[in-house]
Amino acid sequence: MKWLLLFLGFWHVPFSHCDSDRKPNKSERPKTATVAYCPLSPSKGKGQAKQPFGDLKGPSLVLSELTLFSSYFPLFLFSSPILHFLMAATLYSTHCHSLATTTSSSSSASFQPCPFSSNLAYLQRVTFSQRFLASKVSLKSQPQSYQIPVHTQQQEGTVAASVTPVENGNSHRQLKAELLSVKSPKEYHVEEGFEKDENESTVSITVVGASGDLAKKKIFPALFALYYEDCLPKHFTIYGYARSKMSDEDLRKMVSRTLTCRIDKRENCQEKMDQFLERCFYHSGQYDSEENFALLDKKLKEQEGGRTSNRLFYLSIPPNIFIEAVKCASLSASSGNGWTRVIVEKPFGRDSESSAALTKSLKQYLAEEQIFRIDHYLGKELVENLSVLRFSNLIFEPLWSRQYIRNVQLIFSEDFGTEGRGGYFDHYGIIRDIMQNHLLQILALFAMETPVSLDAEDIRNEKVKVLRSMRPLQLEDVVIGQYKSHTRGGVTYPAYVDDKTVPVGSLTPTFAAAALFIDNARWDGVPFLMKAGKALQSKGAEIRVQFRHVPGNLYNRNFGTDLDRATNELVIRVQPDEAIYLKINNKVPGLGMKLDRSNLNLHYAARYSKEIPDAYERLLLDAIEGERRLFIRSDELDAAWSLFTPVLKELEEKKIIPEYYPYGSRGPVGAHYLAARYNVRWGDLGSDVDH
């Protein structure tokens, strides 16, 4: 073994300088260098030197090799086999280096390892960035030192290795240390005075309509919460844009009144607020002025400081000025070297025609992947948990079909009226405002088939399939209502038409209930009941899944004639007081056989100490990161409108008078008759409702 390794260590010397008399022409001098080990490497290509160190001249280098080898010959004879291998490998790799020219178009350098040194630390492949650094590679040989500066265009991130054979008399440990001392890219740049900027991009968030209620109450607090949780990039700027005349300081004062800190992280709240507000600026301008947006662009560039600029525009403005704002932002204030995205708030039109026209107009200035149609209900914690609950729990997926589910209820209720928003609300009504978007989106997530992956497009594809499988809504499957004045506890509550912003004699519904059906193999015949209303008894949003009766139930006599009491029910309470609970039947402790209906309850506030983020926080973060899973695609929007447009037109053309219900009641009686037609009882009205 000793003599074999001795032979290998000595054998390579004559071959390492066979081209030593050749002197390269200027045209052959490499612009980039490939450091290769082993003269017999099969990877030699066109333009590469045939032998290592082919540009070195004179026999003294050969003598230095023999001198180096002879100085370690006694150690070689009387040391261990492991040391033999190490010495041979290091000596071999010392002289196996070759500089091989690549073509002038090459922009990278790589290492090809020797067979004996493939596991050594300095053999690594380096990936380069786009910036270039000029450097010199010095190749030294002892005792006579040949220093040959090879001028290369070394890309940032390369390993600067100086191969220095040791002098006679040095120990083998020093030899090993010299050969393995390769500088890391970070060390090299620090030594050469270069400091890499790890944050080369910045995000500029412009809230268009910054003086409005949505911006003050939701958008700015959500952005601060993201900053507070360290979810925003290191370099970011927030600009408010509106017609109101304000200074930067005025905006900061306005925003500061609505900022709150997480309950579990309030120790440095004020400090964080001050830091956040320093990043907030304001620019006053018209929504249809390219000149004003050009001035905004100038201010954004000043804040971006030459970095790659990524820009997000949040349109918190009425839909009738969407297009003008998008046009001006796209033409005058979009990013020149990064991405530009636009968040569009609902409503996305009033029907299929207006929605299609809005989409067409937006796509004149933006690509589909730049448009983020936001429905904040998709950012709710329990709505996002729907797919987790279903697809990661084996007990639910087999039950998620017509075989076991009797009906599904999607319920939305508010305990207040329009309260000054009647002008906006009267133009749309409860069906467009809540049912066509919030509740329908939840239905699609609930009923979709298993997606191929969690990729945004795969999920949205399955949602579109559900919507296209649904029957268009019929007038006989819809009940509408409008709240009227009511006195309770000595307090008189106004009617909808008492709102000064509502036209006199308005027939716009403030309540609606509907029965929808999905005509596919999984859900055929299962009624999906929707109910949404204002000025009702309570406030909340929930999904109720009522399962079928147990066939041949042995305990039917214990429930009497009301079989619905024996029905299992899964309740997902979206808001408030988030919870998931399953209603089951069990025996009451005791000697008798008395049954009771109990809840297996996951109450979020009791189970998790962490505060649940607001829906806008999640959606804003997704928009910044380019995650589209919780945003609505254009074909999804078309499919949703096609379900509701016919019945909306029929209601308006026939001027259907809504059923009036008292402010603070459970809603119109007609909703109960609609449910009874499909043998369903509204789950939120039972005596055993658990809140």
Side-chain angles (χ1 to χ4, degrees), residues 313-315 319 322-323 326-327 330 339-379 383-384 386-387 391 410 428 431-473 514 516-523 528 530 618-619 622-623 625-649:
F313 293 87
Y314 195 120
L315 301 188
F322 276 173
I323 303 304
V326 167
K327 174 185 175 182
S330 175
W339 51 255
T340 300
R341 296 168 186 156
V342 178
I343 297 178
V344 182
E345 268 282 353
K346 73 173 185 66
F348 312 113
R350 296 187 75 253
D351 49 31
S352 294
E353 291 77 12
S354 59
S355 174
L358 178 62
T359 298
K360 182 179 179 181
S361 298
L362 287 174
K363 289 187 176 181
Q364 290 180 350
Y365 309 103
L366 300 170
E368 174 64 28
E369 57 269 19
Q370 292 179 280
I371 305 171
F372 287 69
R373 300 174 187 85
I374 189 172
D375 185 335
H376 73 273
Y377 255 70
L378 292 179
V383 174
E384 192 168 12
L386 264 177
S387 59
F391 297 125
L410 301 104
Y428 293 97
I431 296 178
R432 294 183 177 93
D433 194 41
I434 302 298
M435 297 179 72
Q436 184 273 337
N437 41 68
H438 296 337
L439 297 187
L440 190 62
Q441 285 295 316
I442 294 175
L443 187 154
L445 280 173
F446 178 93
M448 71 179 185
E449 296 296 324
T450 307
V452 175
S453 71
L454 292 177
D455 181 74
E457 296 309 308
D458 291 334
I459 291 175
R460 296 196 289 187
N461 287 342
E462 296 302 328
K463 288 170 63 182
V464 171
K465 289 179 184 177
V466 171
L467 297 175
R468 289 178 175 172
S469 299
M470 297 179 68
R471 303 178 201 168
L473 196 57
L516 297 99
F517 295 88
I518 303 173
D519 293 331
N520 63 18
R522 183 182 290 272
W523 299 112
F528 284 78
M530 286 186 183
R618 176 174 287 107
L619 294 170
D622 283 353
E625 294 179 346
E627 172 57 64
R628 297 171 176 82
R629 180 170 49 92
L630 300 178
F631 294 89
I632 302 171
R633 205 167 59 189
S634 59
D635 57 341
E636 188 178 350
L637 186 62
D638 295 340
W641 274 119
S642 67
L643 298 175
F644 284 90
T645 295
V647 73
L648 286 169
K649 286 187 174 181

When you compare the side chain of [Y] with that of [X], does any pair of heavy atoms fall below 4.5 Å?
X: Ile518; Y: Leu443; answer: yes
X: Lys346; Y: Ile632; answer: no
X: Lys363; Y: Glu368; answer: yes
X: Gln441; Y: Val383; answer: no
X: Asp351; Y: Ser354; answer: yes
X: Ile371; Y: Thr359; answer: no
X: Ser330; Y: Gln370; answer: no

**OP:** Using the test side-chain contact (heavy atoms from CB on, under 4.5 Å), find all partners of Leu648 that sit at least two apart in sequence or belong to another chain.
**Re:** Ile431, Arg432, Trp641, Phe644
**OP:** Under the side-chain contact (heavy atoms from CB on, under 4.5 Å) rule, collect the residues that match up with Thr450, sequence neighbours excluded.
**Re:**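 For Thr450 the side-chain contact (heavy atoms from CB on, under 4.5 Å) partners, ignoring immediate neighbours, are Phe391, Glu397.
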Going from [atom1] on [X] to [atom2] on [Y], what distance comes out if it is rounded to the nearest 0.5 angstrom?
X: Lys360; Y: Ser634; atom1: NZ; atom2: OG; value: 14.0 Å
X: Ile459; Y: Leu454; atom1: CD1; atom2: CG; value: 5.0 Å
X: Gln364; Y: Lys327; atom1: CD; atom2: NZ; value: 9.0 Å
X: Gln436; Y: Arg350; atom1: CD; atom2: CZ; value: 12.0 Å
X: His438; Y: Leu378; atom1: NE2; atom2: CG; value: 9.0 Å
X: Asp375; Y: Phe348; atom1: CG; atom2: CZ; value: 6.5 Å

Taking all heavy atoms of [X] and all of [Y], pick out the closest pair and write down the distance.
X: Phe372; Y: Gly626; answer: CZ-CA, 4.3 Å
X: Arg341; Y: Ala623; answer: NH1-O, 2.9 Å
X: Phe631; Y: Leu619; answer: CZ-O, 3.2 Å

Subject >> With Tyr365 via ring pair (Phe, Tyr, Trp, His ring centres under 6.0 Å) - residues at least two apart >> reply: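 Listed in chain order: nothing, the list is empty.
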Subject >> Contacts of type ring pair (Phe, Tyr, Trp, His ring centres under 6.0 Å), residue Phe446, not counting sequence neighbours >> reply: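 Here the qualifying residues are Trp400, Trp523.
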**OP:** List in chain and number order the residues that pass salt bridge (charged side-chain N to carboxylate O under 4.0 Å, His left out) with Asp458, two or more places apart in sequence or in another chain; answer none if no residue qualifies.
**Re:**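 If we apply the salt bridge (charged side-chain N to carboxylate O under 4.0 Å, His left out) test to Asp458, skipping adjacent residues, there are no hits.
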Original post:
Within 45° of the six-membered ring axis of Phe517 and under 6.0 Å from that ring's centre, is NZ or CZ of Arg471 located there?
Top reply: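 Yes, a cation-pi geometry holds between Arg471 and Phe517.
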Original post:
For Glu636, which of Lys463, Arg373, Arg468 qualifies under side-chain hydrogen bond (donor to acceptor under 3.5 Å, both in side chains)?
Top reply: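 Per the side-chain hydrogen bond (donor to acceptor under 3.5 Å, both in side chains) rule, the option paired with Glu636 is Lys463, out of Lys463, Arg373, Arg468.
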Subject >> Sequence-distant partners of Arg618, side chain to side chain donor-acceptor pair (under 3.5 Å), two or more places apart >> reply: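 Only Glu381, Glu384 meet the side chain to side chain donor-acceptor pair (under 3.5 Å) criterion with Arg618.
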